[in-house]
Amino acid sequence: MTGDPKDLAVETAQGWFGVAPPNDAALEFAADLRQTVEAFEALRGRLRFEDEPVDFEAALLAYREAE
């Protein structure tokens, strides 16, 4: 992930909504998202769509079979 998440939150609030930067709690939340984004980025290229059940019922069946 490039850039500071806090800076991105401020820029997004200003650009999309025309408001002042979010409060401190919102900025801390944005900073905490860095770990989540990095975790998803680490999975890039490792997961394939066909590895997952194609619908909700198939997912339930796969879960039941795994137990």
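Basis for what follows: all heavy atoms, side chains included, without hydrogens, waters or symmetry-related copies. Residues take their numbers from the sequence shown, with the count starting at 1.
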Shared hydrophobic cluster, L61 / Y63 (ILVMFWY, side-chain heavy atoms < 4.5 Å): no
Closest non-hydrogen atom pair between K6 and A31, with its separation: CE-CB, 3.9 Å
Closest non-hydrogen atom pair between P5 and A30, with its separation: CB-O, 3.1 Å
F40 side, atom CZ; L33 side, atom CG - distance, nearest 0.5 Å: 11.0 Å
L60 side, atom CG; R64 side, atom CZ - distance, nearest 0.5 Å: 8.0 Å
D32 CG: over 12 foreign heavy atoms closer than 6.0 Å: yes
